[in-house]
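Chain naming here is simple, since letters A, B, ... match the order of the sequence lines and numbering starts at 1 in each. Small disclaimer: the values here were computed from a predicted structure and weren't measured.
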Amino acid sequence: MRSDLPFALLAVFVPFSLVSIGGGTSIIAGIQHQAVDVHHWVTAREFVDFFAISRAAPGPGMMLATLIGWHVLGWTGAAITTLGLFLPSSLLCYGVVRIWSRHRGKRWHTALEEGLSPVGTGLILAGIVSILQIGGGGLLSWAIAISSACMLAWRPKIHPLLILAGGASIFIAAHAATG
Amino acid sequence: MTTPVQRVTIAAIFSVFFRIGLFSFGGGLTGWVYRDVVLMRGWLNEDEFLSGMAVSQILPGANIANLSIFVGQKLRGPLGATVALLGLLTAPFFAVIALASTYDLLKTLPNAETALDGVAAAAIGLILVVVGKGARRAARRAAAFIAFLATFVTVGLLHWPLLAVVVVVGPLSVLSAWLRRSADA
C-alpha cells in the first residue's frame, strides 16, 4: 500500500465532513466521484454495493465511508475514514451546542427553542418524504410507515424491533402474493 | 421550560446510544433517540429535543451524530457528548464491516432486499411519531404552525435548499416566539 494513502483518505473525507449540511445524503454523489472516478479506491459496482450495505446495516448511512476506508486499507482505513467524516463536523457541532447550552434559561434562549422547534419538525417531515421518494416501496411503504407510527403512538412501550420485524414480514408476504 | 436537573450516568448515556446504534436497522434513528431520550427516560423535554433537531440539521455532519452530541452535552457536558457519539457509532462500525465481509453470501438470500424495504418503511413510522408530537405542539400557536408548514412544503415538496429556508423561516419563527414571551412578561 502507498504510504500517502492515509493522508489521501483524510484529504477527501475531512472536507466532506464540513460541507455535509442536511446530512449524509447531500455528499454521497461527491464521495462517489472522489472514491470511484478520481482516486479509484473502489469500482462503480463496489460503491453501489457499499451503499446498499450501509443502508442495510444499523446506524447512520454515512458509515458508507467506513466501508471505503476498510476496502482500501483494512481496519486502519476504516478508522481513518470514519474519524475523518465524523470528527470535524462533530467538533463544530460540540462548539455550537456548548455556546447554546451556556445561555439556557434566558428569555431569548427559550424563544430560540420554541421558534426552532416547529422548523425542526418541518425538516424531519421533509426528510421522510424524500426517503419515501428514493425508496422503491411505493404505496405499501407509506401504509407500513403510517401504521407503524399509529402502533407506536398507541403503545409507546412496544419495542421498535418488533415493529421493524412486522414491516419486513408484511413486505415479504406482499411480495410473495404479487409474485 | 427546562427539565429538572438530574444526574444521568455516563454509563447510561453510552448504553442508550450503543443500543440505538445496534438496533436501528432501516434508519429512523431520530425516532429511536426521541423514544429513548424523551419518551422513555425524560432526559429532555419535547421543545429541547425538537429545537436540537433543527440545530443538528443546519450544521454539517450526520444529523443523528449531531443530535447525539446535543443530547450528550446537555446531560453531561464534553464527556457526555463524546460518549453519546462513541456509543452511537461503535456497533454500526463493526456491523457494516461484518455485512460487507459476508455480502456475497447475503446477496444469495431470498427476499433480503424486500425485507430490507419493509424494515425501512416501518422505521419511518418511528420518525412519524416525532413529527406527530411536534406538529401537535406547533398547532398551539398559529405562527409556529405556519413555520412548520412553510419549512415542510418548501424543503420537502418544492426541494428548496434547506439552509436558505432555515435562514429565513427560523428567525421569523423565533421572533414571533420572542414577541409572544415579551407580551406575556
Side-chain angles (χ1 to χ4, degrees), chain A residues 18-24 49 53-54 56-60 62-63 66-67 70 82 86 89-90 93-94 96-97 101 104 107 111-126 128-129 135 137 141 144-145 148-149 152-153 156 160-161 163-164 166-168 170-172 175, chain B residues 21-25 39 47 50-51 53-54 57 59-66 69-70 73-74 81 85 92-93 95-97 99-100 103 111 114-122 124-131 134 138 144 147-148 151-152 155-156 162-163 169-170 173-174 177-178 181:
Chain A
L18 293 171
V19 297
S20 55
I21 290 166
D49 283 349
I53 293 166
S54 65
M62 274 177 150
M63 304 306 285
T66 309
L67 285 178
W70 177 73
T82 309
F86 281 95
S89 60
S90 293
C93 175
Y94 178 76
V96 170
V97 163
S101 71
R104 186 172 296 140
R107 199 160 57 136
L112 263 178
E113 229 165 53
E114 282 184 4
L116 285 182
S117 143
V119 176
T121 310
L123 289 176
I124 304 173
L125 187 55
I128 290 176
V129 169
S141 287
I144 300 277
S148 78
L152 284 161
L161 279 181
I163 302 277
L164 300 184
I170 293 170
F171 255 67
I172 290 172
H175 194 69
Chain B
L22 183 64
F23 291 151
S24 57
F25 293 95
L39 209 58
D47 264 346
L50 292 167
S51 64
M53 224 18 251
Q57 303 224 18
L59 294 173
N63 299 335
I64 194 66
N66 291 345
I69 291 165
F70 178 83
Q73 201 277 341
K74 161 144 207 273
L85 183 65
F93 179 84
V96 279
I97 292 175
L99 277 180
Y103 189 59
N111 287 330
T114 312
L116 190 63
D117 285 342
V119 169
I124 289 170
L126 260 83
I127 322 178
L128 271 178
V129 172
V130 184
V131 173
F148 159 65
T151 308
F152 165 60
V155 177
L162 181 148
L163 197 61
V169 179
S173 174
V174 170
W178 167 263
R181 288 262 150 196

Residue part contacting chain B, namely of A:Val96, when any heavy atom lies under 4.5 Å: side chain
List the atom of A:Thr121, the atom of B:Val131, and the distance in Å for their closest heavy-atom pair. CG2-O, 3.7 Å
Measuring heavy-atom distances to chain A, does B:Ile97 have an atom under 4.5 Å in its side chain, in its backbone, in both, or in neither? both
Which atom of A:Leu18 lies closest to which atom of B:Pro60, heavy atoms considered: O-CB, 3.4 Å
If we define contacts as heavy-atom pairs under 4.5 Å, which of A:Ile163, A:Ile144, A:Leu123 has the most with chain B? A:Leu123
Results of side chain to side chain donor-acceptor pair (under 3.5 Å) for A:Glu114 - residues two or more places apart only: B:Arg180, B:Arg181
d(A:Tyr94 OH, B:Asn66 CG) to nearest 0.5 Å is 14.0 Å
Pick whichever of B:Gly156, B:Ala121, B:Gly170 has the most heavy-atom pairs under 4.5 Å with chain A. B:Ala121
On a heavy-atom basis, the closest approach of B:Ser51 and A:Glu113 is OG-CG, 2.9 Å
Options B:Gly134, B:Ser173, B:Ala122, ranked by heavy-atom pairs under 4.5 Å with chain A, top entry: B:Ala122
Could you check which of A:Leu112, A:Leu152, A:Leu161, A:Leu116 has the highest count of heavy-atom pairs closer than 4.5 Å to chain B? A:Leu161
If you look at every heavy atom in A:Leu125 and B:Phe148, which pair is closest and at what distance? CD2-CZ, 3.9 Å
For each of A:Ser89, A:Pro156, A:Gly120, A:Gly122, tally heavy-atom pairs with chain B at distances under 4.5 Å, and name the one with the top tally. A:Gly122
Could you pull out the closest heavy-atom pair between B:Ala177 and A:Gly115, with the gap in Å? CB-N, 4.1 Å
Quick one: list whatever passes side chain to side chain donor-acceptor pair (under 3.5 Å) with A:Thr66, sequence neighbours left out. A:Thr82
First locate atom SG of A:Cys93, then atom CG of B:Leu59, and finally report the distance between them rounded to the nearest 0.5 Å. 5.5 Å
Quick check for you: to the nearest 0.5 Å, what is the distance between B:Asp117 atom CG and A:Ile172 atom CD1? 10.5 Å
side-chain contact (heavy atoms from CB on, under 4.5 Å) between B:Phe23 and A:Leu164, intermediate numbers included: CA-CA 10 Å; B:Phe23 291 151; A:Leu164 300 184; over 6 Å; no
What part of B:Phe70 gets closer than 4.5 Å to chain A, counting heavy atoms only: side chain, backbone, both or neither? both
The reported gap from CG in A:Asp49 to OH in B:Tyr103 (rounded to nearest 0.5 angstrom) is 4.0 Å
For B:Ala65, which atoms come within 4.5 Å of any heavy atom of chain A: side chain, backbone, both, or neither? side chain
Using non-hydrogen atoms and a 4.5 Å limit, figure out which bit of A:Ile170 sits close to chain B: side chain, backbone, both or neither. neither
Between the side chain of B:Ser24 and the main-chain N/O of A:Pro58, is any donor-acceptor distance below 3.5 Å? no
Test applied, side-chain contact (heavy atoms from CB on, under 4.5 Å); reference residue, A:Ile124; option that passes from B:Asn63, B:Thr151, B:Ile127: B:Ile127
Of the backbone (N, CA, C, O) and the side chain (C-beta and beyond), which part of B:Ala62 lies under 4.5 Å from a heavy atom of chain A, both, or neither? both
Who among B:Ile64, B:Leu163, B:Leu116 has the most heavy-atom pairs with chain A under 4.5 Å? B:Leu116
Counting only non-hydrogen atoms closer than 4.5 Å, does A:Met63 touch chain B with its backbone (N, CA, C, O), its side chain (CB onward), both, or neither? both
Measure distances from B:Leu126 to the heavy atoms of chain A and classify the residue's part below 4.5 Å as side chain, backbone, both or neither. both
Leading residue by heavy atom contact count with chain A [cutoff under 4.5 Å; candidates B:Ala100, B:Ala95, B:Ala81]: B:Ala100
Under a 4.5 Å cutoff for heavy-atom pairs, which residue among B:Val96, B:Val129, B:Val169, B:Leu85 has the most contacts with chain A? B:Val96
Can you give me the closest heavy-atom contact between A:His175 and B:Asn111, atom names plus distance? CD2-OD1, 3.9 Å
In terms of heavy-atom pairs under 4.5 Å with chain A, which of B:Gly21, B:Ala144, B:Pro92, B:Ala147 leads? B:Pro92
Only pairs of heavy atoms separated by less than 4.5 Å count here; which of A:Ala153, A:Ser101, A:Gly166 has the most with chain B? A:Ser101
